[in-house]
Student: 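Quick one: this structure, given as structure tokens, is what I'll be asking you about.
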Amino acid sequence: MAIPIPSRQLFIDGEWREPIKGNRIPIINPATEEIIGDIPAATAEDVELAVGAARKALAKGSIWASSSGAYRAKFLCAIAAKITERKDVLAKLEALDCGKPLEEAAWDIDDVAACFEYYAGLAEALDAKQKAPVDLPMDTFKCHVLREPIGVVGLITPWNYPMLMATWKVAPALAAGCAAILKPSELASVTCLELADVCKEVGLPPGVLNILTGLGPDAGAPLANHPQVDKVAFTGSTATGSKIMSSAAQLVKPVTLELGGKSPILVFDDVNLDKAAEWTAFGCFWTNGQICSATSRLLVHESIADAFLDRLAKWCKNIKISDPLEEGCRLGPVVSKGQYEKILKFISTAKSEGATVLCGGSRPEHLKRGYFIQPTIISNVTPSMQIWREEVFGPVLSVKTFSSEEEAIELANDTHYGLGAAVISKDLDRCERVTKALVAGIVWVNCSQPCFCQAPWGGTKRSGFGRELGEWGLENYLNIKQVTQYTSDDPWGWYKSPSKL
């Protein structure tokens, strides 16, 4: 059953505030194409207020600036508990807002709570790591290291995992002791505003987390460019990431970028066809195919290609496509009309270039409205085709065959991207060789897409740099300060003392 969308304002300095220009953006349910609510539209003036609130939260003498990791951990645990308490409502809001199947959305909300709990533990552990000694070769000096928050951080997040991707940045930033301004995608912001409500309920100090919804050029760009923002962490397209990196370079501002992908999945000739087919489908069609790490380039050994694709097509035709709130839904609509039209254009171009649509490729016949696209498999693809080289961000899998391990690796690495990759084979020695040879930040063996908040996440090449999640995610928001003390009573003795002249 659908639920009403809460009407919220911007969250600045611990309070709900109407945007200075008073504008709002309609929320469109991608399953019905109907307007179901609206969100506030922040502009540069609101960004200025939020940055000021964040800087005030870190001012000398403030509670947050002088807080211990244990103090911050209590808030993170409280947020996790409230997220769990609101899970059913949050999952429904996520499904309505971005089209994610309800069971998937519920899984995401569980992961949100788990991520806050995990970083609560790391925040508490930070206290014991302060003043960690460094061994030096001279006994007249002693040295230790301080881990300090990097400052005010701008967090810009995507629409495919609205609350979870925000949490991947918010939780470690707060654990580190930073103050943050979150700017979620205007295509799916509802649950991020509910996160603001949770933070207000648990009493998070004002200004520690500010949440601005709005359009990228109006709110995201002023946030990324702001001279009082000490770091930007961004997840989204490579094109936008490049712009953020360029503007940050003017101030030598650090950035973490998790960008696009065109990840390969390599299926060798010794696999169980059904097991490999399910992982191949899951790796590309999970989250309605809208995953930066989607293994959307299938490389299958030529000796099993026909049999494997036949099994894969059967698996795909068995995927339930429906309204996300319907029980058993496994593929919902893509997020927007623009995305829907873009994906269909990719498929059309592939056909015009000579590729074959093996299955799917259009709207399901039983769904007359909504931005639904069938799980699509495209074969007879060449490496120069757009569908093989560019990120589609939809339920579209491209297929090529290979004859040898060496050829598979060469084809897999022939891409500008390097986020994820998967290898499926019963030969674990082969899996290890291939894993080492693949140029990617993440490699899955005999699976695709599992993600755990304890393990690092990030890519190489045009998929960005830096790592989120795990201890690496916390390090993103910390500065390391070296403190070295001269401990001897003797003078240093490098210069001749004036008193001896």
Side-chain angles (χ1 to χ4, degrees), residues 1-5 25-39 89-109 157-165 184-192 236-237 281-294 296 315-348 357 359-378 387 391-397 449:
M1 180 183 294
I3 58 173
I5 304 294
I25 300 168
I27 301 167
I28 298 173
N29 180 345
T32 64
E33 303 181 40
E34 296 172 346
I35 295 174
I36 55 174
D38 54 34
I39 55 170
V89 170
L90 291 171
K92 287 178 181 175
L93 291 174
E94 203 81 293
L96 288 167
D97 196 21
C98 71
K100 190 182 291 269
L102 181 59
E103 289 179 57
E104 226 182 279
W107 195 349
D108 286 358
I109 302 306
T157 56
W159 44 259
N160 55 338
Y161 290 84
M163 196 176 207
L164 185 57
M165 291 293 99
S185 168
E186 67 275 9
L187 293 178
S189 297
V190 170
T191 52
C192 289
S237 72
F282 186 82
C284 188
F285 305 135
W286 169 249
T287 310
N288 306 335
Q290 300 168 126
I291 328 174
C292 52
S293 60
S296 58
W315 275 86
C316 290
K317 288 171 184 175
N318 199 42
I319 293 172
K320 180 174 180 177
I321 311 170
S322 70
D323 186 292
L325 297 181
E326 193 172 307
E327 186 176 351
C329 175
R330 288 295 178 268
L331 191 79
V334 297
V335 74
S336 68
K337 182 180 181 181
Q339 195 67 14
Y340 174 79
E341 292 174 346
K342 175 185 170 188
I343 294 165
L344 291 180
K345 182 70 165 62
F346 266 107
I347 295 169
S348 173
V357 177
C359 74
S362 60
R363 169 187 291 279
E365 290 183 4
H366 68 287
L367 293 165
K368 304 303 181 187
R369 62 177 183 170
Y371 309 126
F372 293 93
I373 299 174
Q374 296 168 306
T376 301
I377 302 174
I378 299 181
I387 200 73
E391 183 178 41
V392 177
F393 224 69
V396 181
L397 179 71
Q449 304 308 318

Student: Tell me if a side-chain donor or acceptor on Ser189 pairs with a main-chain N or O of Cys192 at a distance below 3.5 Å.
Tutor: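 Flag not set: sc Ser189 to bb Cys192 has no pair under 3.5 Å.
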Student: For Trp286, give me all partners under ring-ring contact (aromatic ring centres under 6.0 Å, His included), at least two apart in sequence or on another chain.
Tutor: Trp107, Phe282
Student: Considering non-hydrogen atoms only, spot the tightest contact between Phe285 and Leu397 and give its length.
Tutor: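 Result for this residue pair: CZ-CB, 4.2 Å.
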Student: Under a 3.5 Å distance rule, please check whether Arg363 uses its side chain to pair with a backbone N or O of Gly370 as donor and acceptor.
Tutor: yes
Student: Which atom pair, heavy atoms only, marks the closest approach of Phe372 to Ser322?
Tutor: CE2-O, 3.2 Å
Student: Within this structure, what is the CD-CD1 distance for the pair Glu341 and Ile373, rounded to the nearest 0.5 Å?
Tutor: 10.0 Å
Student: Give the minimum heavy-atom separation between Pro333 and Asn288, together with the two atoms involved.
Tutor: O-ND2, 2.9 Å
Student: Do Ile377 and Cys284 come close enough that some side-chain heavy atom pair is under 4.5 Å?
Tutor: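 Counting from C-beta outward, Ile377 and Cys284 never come under 4.5 Å.
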Student: So, do Pro184 and Trp159 sit near enough that their side-chain heavy atoms are less than 4.5 Å apart?
Tutor: no
Student: Quick check: closest heavy atoms across Gly328 and Glu103, and the distance to 0.1 Å?
Tutor: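 Smallest heavy-atom distance, with atoms named: N-OE2, 3.5 Å.
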Student: Hey, what do you get for CD1 (Ile28) to CG (Asp97), rounding to the nearest 0.5 Å?
Tutor: 10.5 Å
Student: Take a 6.0 Å sphere around NZ of Lys345 and say whether it holds more than 12 heavy atoms from other residues, nucleotides or ligands.
Tutor: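 Atom NZ in Lys345 is not packed in, count stays at 12 or less.
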Student: Look at the side chain of Thr376 and the backbone N and O of Gly361, then say whether any donor-acceptor pair between them is shorter than 3.5 Å.
Tutor: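 Yes.
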Student: Would you give the length of the straight line joining atom NE2 of His366 to atom NZ of Lys368, rounded to the nearest 0.5 angstrom?
Tutor: 9.5 Å
Student: Pair Ser293, Gln449 - check side-chain contact (heavy atoms from CB on, under 4.5 Å), show working.
Tutor: CA-CA 7 Å; Ser293 60; Gln449 304 308 318; 2.6 Å; yes
Student: Taking only residues two or more places apart in sequence, or in another chain, which ones meet Asp108 in a side-chain hydrogen bond (donor to acceptor under 3.5 Å, both in side chains)?
Tutor: Lys100
Student: For residues Ser362 and Leu344, report the shortest heavy-atom separation together with the two atoms involved.
Tutor: CA-CD2, 4.4 Å
Student: Using the side-chain contact (heavy atoms from CB on, under 4.5 Å) rule, take Glu94 and Glu104 through it: C-alpha gap first, then chi angles, then the decisive distance, then the call.
Tutor: CA-CA 10 Å; Glu94 203 81 293; Glu104 226 182 279; over 6 Å; no
Student: Would you sort out whether Ile3 and Leu96 count as a side-chain contact (heavy atoms from CB on, under 4.5 Å), showing the intermediate values?
Tutor: CA-CA 9 Å; Ile3 58 173; Leu96 288 167; 4.2 Å; yes
Student: For Asn160 and Val335, what are the C-alpha separation, side-chain angles and deciding distance, and is it a side-chain contact (heavy atoms from CB on, under 4.5 Å)?
Tutor: CA-CA 8 Å; Asn160 55 338; Val335 74; over 6 Å; no
Student: Between Ile343 and Val396, what is the shortest heavy-atom contact and its length?
Tutor: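 Closest approach of Ile343 to Val396, heavy atoms only: CG2-CG2, 3.8 Å.
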Student: Just wondering, do Ile291 and Ser296 contact through their side chains at under 4.5 Å, heavy atoms?
Tutor: no
Student: Nearest 0.5 Å, what's the CD1-CD1 distance between Ile387 and Ile347?
Tutor: 6.5 Å
Student: When you compare the side chain of Tyr340 with that of Glu33, does any pair of heavy atoms fall below 4.5 Å?
Tutor: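 No, every pair of side-chain atoms sits at 4.5 Å or beyond.
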Student: Distance check, rounded to the nearest 0.5 Å: Gln339 atom CD versus Cys98 atom SG?
Tutor: 12.0 Å
Student: About how many Å separate CD1 of Ile25 and CD1 of Ile35, when rounded to the nearest 0.5 Å?
Tutor: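 The distance works out to 12.5 Å.
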Student: Without swapping roles, check the side chain of Asn29 against the backbone of Ile36 for a donor-acceptor pair under 3.5 Å.
Tutor: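 No, Asn29 side chain to Ile36 backbone: no donor-acceptor pair under 3.5 Å.
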